[in-house]
Amino acid sequence: MNICVVGTGYVGLVSGICFAHIGHNVICVDKDTEKIKMLNSGRIPIYEKGLEELYLKNVEQGSIRFTNDLKEGVKNSDIIFIAVGTPCLADGNADLTAVESVAKGIARFMNGYKIIVNKSTVPVGTQKWVSKIISENNEGNYNFDVVSNPEFLREGTAVYDTMNPDRIIIGADNTYAAGVIAKLHEPFKAPIIITDPESAEMIKYASNAFLATKISFINEIANICERVGADVQEVARGMGLDKRISDKFLGAGIGFGGACFPKDLKAIIKIGEQVGYEFKIAKDVIEVNNNQKLKPIEKLEKALGFIKGKTIGILGLAFKPNTNDIREAPSLEIINRIQQLGGKVKAYDPKAMESAKMVIKNVEFVNNPYEVVKKADAVILVTEWEEFKSMDLKKVKNLMNTPVFIDGRNVFKPEEMIKMGFEYYCIGKKDYGFNVDFHLRVAVTK
Ligand SMILES: NC(=O)c1ccc[n+]([C@@H]2O[C@H](COP(=O)([O-])OP(=O)(O)OC[C@H]3O[C@@H](n4cnc5c(N)ncnc54)[C@H](O)[C@@H]3O)[C@@H](O)[C@H]2O)c1
């Protein structure tokens, strides 16, 4: 099939490359000229495991190309995916400006029947709204169908998830268009649910809100565990064996970030509000998460007494491992708070240094984890990259000014960290090595 994917971000680029890989002719369109220049010069603008190899292979085979020209994409395709960003507006609603602009463009450039597929995460009713925009701007009066096909890939495992989805959701008014989109996804061998567009749009928000709730739930359990002397990892292990609960998304930590959960929660709250319903749980999930992101600061203050003038090392900037995405990452809030409190920050991330440099100021960016910890008064592990899990901890301890280690992702074993001489703080367990008298004394003398 001839496919056009509009928007070459995490979703559009990965989907486009995967469709090319399973044998289709793909044109990827983006309005960002730098991105397209980069993609046309043999480089990809994002990091995703396995993506570069697939990209190079399909470019070489001629099954995928990249352009800024929407007209070229629309005219040469039977199916057009909309995969542009739908960020959060100040009031919490999803910003549909990019979807609207692409829909108008598609309508203007249509030269025959097209199936327009909305892959962006959009409020309930958007499929109908996009159909209306296309009808109103469709000068050639061509037939078309608009299908809702929400995306569930996870950054960090986006290629794997696209090739091995848990399910494919297709929301359509028309059985022919639904059938074409179902056939397109058959090679992925996943259950395909064909439903109405409103339910398809809701499935996406409901799924993300549920996953975010699970994270905030275990983080609240973690906070209680710290106070009652329980170990949240043991609690999660015990809970997770219950098949009704499952062990997924039960890792306590310093909260979720990324381009999806925060904005999708706000959007589903708005969707509810617009029909007179208050989605109370979603509101609490956001509040719990905002507090959880600053957990390391609480622990830093406990450990150091005060942060002013101290050097704090940050291990990991991306919102999760295996991506270079720092949108809404806990690292941003943590760094900002340390700086407000007068601390100095050194940071390193295996893949997100470039994206971080564009938004974080007054941070010493270094080239490896050992430079982060060198002469640091405390270190915070923010993102659980494999590189950090395999650090030489003896070396880490010896390089630090004071061996205060705040493990925001419960990567290490407390007993081992204590044995090595660290003052070790993690999430949802008791703090190890903390000596409040000592720190109070230091704080008072200073
Ligand atoms: N990132 C994820 O993990 C993920 C997962 C599932 C769903 N989604 C949803 O998919 C959508 C895209 O997310 P993303 O993370 O890929 O976003 P992104 O910001 O990485 O990419 C969006 C791309 O769209 C381009 N774009 C914007 N307006 C355009 C226009 N008018 N014409 C052409 N291109 C335009 C941008 O330049 C950008 O390259 C969002 O609705 C998001 O909620 C994202």
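Below, all heavy atoms of this structure are taken into account, side chains as well, without hydrogens, waters or symmetry copies. Everything numeric in this text was worked out from a predicted model, so none of it was measured. In listed order, ligands and their atoms are each counted from 1.
Looking only at protein heavy atoms, the nearest one to atom 8 (N) of ligand 1 is Val11 CG2, 3.5 Å. For atom 4 (C) of ligand 1, the nearest non-hydrogen atom of the protein is Cys260 SG, 3.3 Å. Residue, atom and distance of the protein heavy atom nearest to atom 25 (C) of ligand 1 are Asp30 OD2, 3.2 Å. Looking at atom 22 (C) of ligand 1, its nearest protein heavy atom turns out to be Gly85 N, 3.5 Å. Residue, atom and distance of the protein heavy atom nearest to atom 19 (O) of ligand 1 are Arg327 NH1, 3.1 Å. Considering only non-hydrogen protein atoms, atom 33 (C) of ligand 1 sits nearest to Lys31 N, 3.3 Å. The shortest contact between atom 1 (N) of ligand 1 and any protein heavy atom is with Glu155 OE2, 2.7 Å. In this structure, the protein non-hydrogen atom closest to atom 9 (C) of ligand 1 is Thr121 OG1, 3.4 Å.
Of all the heavy atoms of Val122, none lies under 4.0 Å from any atom of ligand 1, so neither backbone nor side chain is involved. Only the backbone of Ala83 comes within 4.0 Å of ligand 1, judged by heavy-atom distances. Contacts of Ser101 with ligand 1, taken as heavy-atom pairs under 4.0 Å, involve the side chain alone. Of the heavy atoms in Ile46, none comes closer than 4.0 Å to ligand 1. Residue contacts with ligand 1, taken as heavy atom pairs separated by less than 4.0 Å, involve Lys263 solely via side-chain atoms from C-beta onward. Contact annotation: for Glu100 versus ligand 1, there are no heavy atoms closer than 4.0 Å.
Proximity of the aromatic rings of Phe210 and Phe249 is defined here by a centroid distance below 6.0 angstrom, and this criterion is not met. Annotation: His185 is in aromatic contact with Phe19 [ring centroid separation under 6.0 Å].
Close contacts between ligand 1 and Thr86 involve ligand atoms 40 (C), 41 (O), 43 (O) [criterion: under 4.0 Å to a heavy atom]. Listed by number with element, the atoms of ligand 1 under 4.0 Å from a non-hydrogen atom of Val102 are 30 (C), 31 (N), 32 (N). The atoms of ligand 1 that sit less than 4.0 Å from any heavy atom of Gly9 are 16 (O), 18 (P), 20 (O), 21 (O), 23 (C), 39 (O). Close approach of ligand 1 to Ala98 is summarised as follows: ligand atoms under 4.0 Å from at least one heavy atom of the residue are 28 (N). Which parts of ligand 1 touch Lys204 is read off a 4.0 Å heavy-atom cut-off, strictly below it: atoms 6 (C), 7 (C). Heavy-atom contacts of Leu153 reach the following atoms of ligand 1: 3 (O), 5 (C) (cutoff under 4.0 Å). Of all atoms in ligand 1, numbered sequentially from 1 with element shown, those under 4.0 Å from a heavy atom of Val6 are 33 (C).
The salt bridge (charged side-chain N to carboxylate O under 4.0 Å, His left out) search around Arg237 returns Glu234, not counting sequence neighbours.
For the residue pair Tyr113 / Asp145, a side-chain donor-acceptor distance below 3.5 Å is found, with atom types taken as modelled. No hydrogens or angles considered: nothing links the side chains of Ser216 and Asn219 as a donor-acceptor pair under 3.5 Å. Residues Asn223 and Glu220 bring no donor and acceptor atom of their side chains to less than 3.5 Å of each other. Side chain to side chain, Asp407 and Tyr424 meet the donor-acceptor criterion of an N or O pair below 3.5 Å. Asn322 and Glu386 share no side-chain donor-acceptor pair at under 3.5 Å. Checking Glu387 against Tyr348 by side-chain atom types alone, a donor-acceptor pair falls below 3.5 Å.
Lys357 forms a cation-pi arrangement with Phe365, by the criterion of a distance under 6.0 Å to the ring centre and an angle within 45° of the ring axis. Under the 6.0 Å distance and 45° angle rule, Arg167 counts as a cation-pi partner of Phe152.
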Check the pair Lys320, Asp325 against salt bridge (charged side-chain N to carboxylate O under 4.0 Å, His left out), reporting the backbone distance first and the verdict last. CA-CA 8 Å; Lys320 64 176 185 171; Asp325 196 346; over 6 Å; no
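Counting heavy atoms of neighbouring residues, nucleotides and ligands inside a 6.0 Å radius, atom CD of Gln61 exceeds 12 of them.
Checking only distances, Lys35 does come within under 3.5 Å of ligand 1, N or O to N or O.
The closest approach between a heavy atom of Arg154 and any atom of ligand 1 is not below 4.0 Å.
When Val5, Val84, Val29, Leu70 are ranked by how near their heavy atoms come to atom 26 (N) of ligand 1, first place goes to Val84.
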Show me the side-chain donor-acceptor pairs of residues 74-86 shorter than 3.5 Å, one per line, residues at least two apart or across chains.
| residue | atom | partner | partner atom | Å |
| --- | --- | --- | --- | --- |
| Lys75 | NZ | Phe109 | O | 3.2 |
| Asn76 | ND2 | Glu72 | O | 2.7 |
| Ser77 | OG | Cys4 | N | 3.4 |
| Ser77 | OG | Gly73 | O | 2.6 |
| Asp78 | OD2 | Asn2 | N | 3.4 |
| Thr86 | OG1 | Thr121 | O | 2.8 |
| Thr86 | OG1 | Lys263 | NZ | 3.4 |

